[in-house]
Amino acid sequence: MIEVVASMARGPVFLAGEVLECLITFTNPISHLSTSASSEMLAWASAQIHCQFHASESRVALPAQGTKQDVQAESDTVLIPSRGERGQCVLDTPPKILFCDLRLDPGESKTYSYSEVVPTDGPPSFRGQAVKYVYKLTIGCQRVNSPIKLLRVPFRVLVLHGMPEPPFPQDEEVAPSNPFLEEEEGSRRDTRPLERALDMLMITTSRRCPYMFNITNVRGKVAKFCIFKTVYRLGEDIIGTFTFSEGDIPCLQYSVSLQSEEEVQEQYQRRPGQAVSVTAHARHLESCLHTASSHFSLPVPLNVTPGFTTDIVTLRWRLHFEFVTAREPVEAPVVLQNQSEVTVWTGAEHVDVDTFSWDLPIKVLPTNPTLASYVSQFTGTNSINI
């Protein structure tokens with residue numbers, strides 16, 4: 001028996017265009033139950049990244065495809081990373097050979113390093129109501145005259161959509177290569193594209209400019225709403241303020257929800273005029289009668305997917321507001337300045353109300369993948385015995 005362990009040391013979340021590194025260790029363990037131990041042989045091992053796509057049959061109508069036989073003969077030596085997976089493989093990288101003809105003595109282990117750039121032309125990781133995009137690193141191993149064994153390590157991919165192009169590379173990056181440069185300098189250069197992307201992301205989401213909105217219904221002005229920006233990173237707080245003292249219509253209650261909208265493209269909808277799938281991720285509810293001003297703070301979860309668009313689906317983000325207003329003025333309690341006793345105010349038993357809602361589109365962008373790794377459902381580590 002050979003134990004195979006794959007581990008992504010930096011974490012299970014990556015930005016598209018970033019280099020994924022994984023250490024893969026093959027061990028021939030010594031069991032205390034066995035009286036004799038022998039060497040173990042592996043014919044070969046290779047690894048590659050692939051993205052698996054799955055669509056809900058009740059929401060998405062995909063073009064008919066020929067059925068593929070998902071069976072691999074024992075003598076077959078071709079690695080099919082998506083074998084046994086649901087859905088379709090929409091993206092994969094070229095396989096990389098880790099070794100050929102590996103011999104491990106009892107108690108011996110060998111570690112191989114796999115690195116690959118996460119493709120930039122693929123979708124982000126996403127688990128929605130209509131579609132799912134799942135990324136995995138698949139390691140294939142085979143003994144002589146035995147079937148291929150697959151070890152899969154799922155990970156998450158964040159994609160920066162709509163970001164400005166980085167500036168022209170610095171002089172040292174376009175200069176002729178210097179054979180006397182230290183390896184540390186070369187590895188530091190490899191991280192510069194990621195650093196530039198994170199810098200551009202920080203600049204884009206740090207710009208603040210107050211946006212003012214007058215909240216009105218058919219009876220008049222309810223409040224003034226202010227929000228300081230409409231572009232946010234994963235993990236940020238969305239903060240907004242209401243000024244009810246400038247309104248003419250009493251507001252009894254308001255709620256704000258952070259929602260994502262998953263819309264299937266028209267040509268792939270199962271039914272004409274199919275409704276958009278809406279998911280709420282955070283909500284703030286407050287009673288505000290006789291309140292001059294109020295504010296809310298909604299966190300953008302680290303484990304949600306930023307907005308994106310593919311040929312099949314579009315994911316958008318919005319703030320959904322709901323207001324409950326009174327049709328008639330509501331008298332406020334009167335407290336005299338020289339009154340020493342406690343006054344208890346009892347609200348009206350019956351109030352005629354109106355309700356209305358409003359949606360404010362916002363943008364949600366990725367964050368530093370290291371930060372997102374702390375709340376990831378993936379561990380970045382997996383193992384198998386072959």
Side-chain angles (χ1 to χ4, degrees), residues 56 59 124-132 156 158 205 208 210-217 221-247 249-264 274-308 313-327 330 347 351 353-367 371-372 374-377:
S56 170
R59 297 174 182 268
S125 298
F126 177 62
R127 290 181 177 270
Q129 299 183 34
V131 302
K132 295 180 181 179
R156 182 185 178 192
L158 300 173
T205 57
R208 292 179 176 268
Y211 295 87
M212 299 291 185
F213 301 90
N214 288 322
I215 310 298
T216 62
N217 62 5
K221 183 176 179 180
V222 177
K224 177 184 286 187
F225 173 66
C226 175
I227 193 169
F228 299 100
K229 60 178 185 175
T230 58
V231 181
Y232 299 89
R233 299 188 309 274
L234 298 181
E236 274 195 289
D237 290 334
I238 302 174
I239 299 175
T241 62
F242 291 98
T243 305
F244 296 104
S245 59
E246 298 186 14
I249 308 300
C251 185
L252 306 179
Q253 179 180 281
Y254 76 89
S255 67
V256 187
S257 300
L258 174 63
Q259 298 180 344
S260 60
E261 299 176 293
E262 181 185 358
E263 182 178 12
V264 179
Q274 184 171 297
V276 176
S277 301
V278 178
T279 303
H281 302 273
R283 186 170 185 258
H284 176 88
L285 175 66
E286 185 171 330
S287 298
C288 55
L289 181 60
H290 305 314
T291 300
S293 61
S294 179
H295 74 280
F296 68 88
S297 176
L298 290 177
V300 182
L302 283 167
N303 58 351
V304 300
T305 302
F308 71 95
V313 71
T314 295
L315 184 71
R316 295 184 295 266
W317 288 86
R318 71 183 186 185
L319 291 177
H320 178 72
F321 298 83
E322 294 181 356
F323 300 91
V324 180
T325 60
R327 294 182 179 179
V330 180
V351 178
V353 299
D354 294 318
T355 60
F356 66 98
S357 61
W358 171 53
D359 294 323
L360 175 64
I362 63 172
K363 285 186 177 181
V364 174
L365 300 179
T367 187
L371 180 62
Y374 290 116
V375 297
S376 176
Q377 62 176 328

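Since this is a predicted model, take the numbers as computed values, not measurements.
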Practice item. To the nearest 0.5 Å, tell me how far L252 CG sits from T325 OG1. Key: 7.0 Å
Exercise for review: Mind listing the closest non-hydrogen atom pair of V222 and C251 along with its distance?
Suggested key: CG1-CB, 3.8 Å
Check your understanding: Any idea which heavy atoms bring Q259 and A280 closest together, and the distance?
Key -> CG-CA, 4.2 Å
Check your understanding: Can you check side chain to side chain contact (heavy atoms under 4.5 Å, CB included) on Y211 and L360, steps first, answer last?
Key -> CA-CA 11 Å; Y211 295 87; L360 175 64; over 6 Å; no
Review point. Can you tell if the side chain of F323 reaches within under 4.5 Å of the side chain of N217, non-hydrogen atoms only?
Key: no
Check your understanding: Are V304 and L258 close enough that some pair of their side-chain heavy atoms sits under 4.5 Å apart?
Key -> no
Practice item. Begin with the C-alpha distance, continue with both residues' side-chain angles, and end with the deciding distance and a verdict on side chain to side chain contact (heavy atoms under 4.5 Å, CB included) for C226 and T243. Key: CA-CA 8 Å; C226 175; T243 305; over 6 Å; no
Check your understanding: Which value, rounded to the nearest 0.5 Å, describes the distance between H284 atom NE2 and S257 atom OG?
Key -> 10.5 Å
**Study point:** Carboxylate-amine/guanidinium proximity below 4.0 Å for R59 and E262
**Key:** no
Practice item. Could you give me the CA-CA distance, side-chain angles and deciding distance for I227 and I238, then say whether side chain to side chain contact (heavy atoms under 4.5 Å, CB included) is met? Key: CA-CA 8 Å; I227 193 169; I238 302 174; 4.1 Å; yes
Practice item. Grab the two heavy atoms, one from L289 and one from P250, that are nearest each other, plus how far apart they are. Key: CD1-CB, 4.4 Å
Exercise for review: Hey, can you tell me if F242 and F225 have their rings parallel, tilted or perpendicular (30° and 60° cut-offs)?
Suggested key: tilted
Review point. If you round to the nearest 0.5 Å, how far is CZ of F321 from OG of S357?
Key: 11.0 Å
Review point. Quick one: side-chain hydrogen bond (donor to acceptor under 3.5 Å, both in side chains) partners of T205, sequence neighbours excluded?
Key: R233
Practice item. Kindly compute the distance separating CD (E261) from CZ (R316), expressed to the nearest 0.5 Å. Key: 5.0 Å
Review point. So which heavy atom on P299 is nearest to which on A282, and how close?
Key: O-CB, 4.0 Å
Point to revise | Point-to-point distance, once rounded to the nearest 0.5 Å, from CZ of R327 to CG of D354 | key: 4.5 Å
Check your understanding: Is the F296-Y254 ring centre distance short of 6.0 angstrom?
Key -> no
Exercise for review: Indicate the atoms forming the closest heavy-atom contact of V264 with A130, along with that distance.
Suggested key: CG2-CB, 3.7 Å
Point to revise | Ring-ring centroid check W317 Y232, cutoff 6.0 Å | key: no
Review point. So, the side chain of T305 versus the backbone of R127: is there a donor-acceptor pair under 3.5 Å, distance only?
Key: no
Exercise for review: Identify the heavy atoms of V313 and F308 that sit nearest to each other, and give their distance.
Suggested key: CG1-CE1, 3.9 Å
Point to revise | T367 vs E236 side-chain heavy atoms within contact, under 4.5 Å | key: no
Point to revise | Flag side-chain contact, heavy atom, 4.5 Å: V364 against L315 | key: no
Exercise for review: Would you check if P306 and L158 make a side-chain contact, meaning some heavy-atom pair closer than 4.5 Å?
Suggested key: yes
Exercise for review: Drop me the distance from E246's CD to I215's CD1, to the nearest 0.5 angstrom.
Suggested key: 12.0 Å
Check your understanding: Is there a side-chain contact between N303 and Q377 (heavy atoms, below 4.5 Å)?
Key -> no
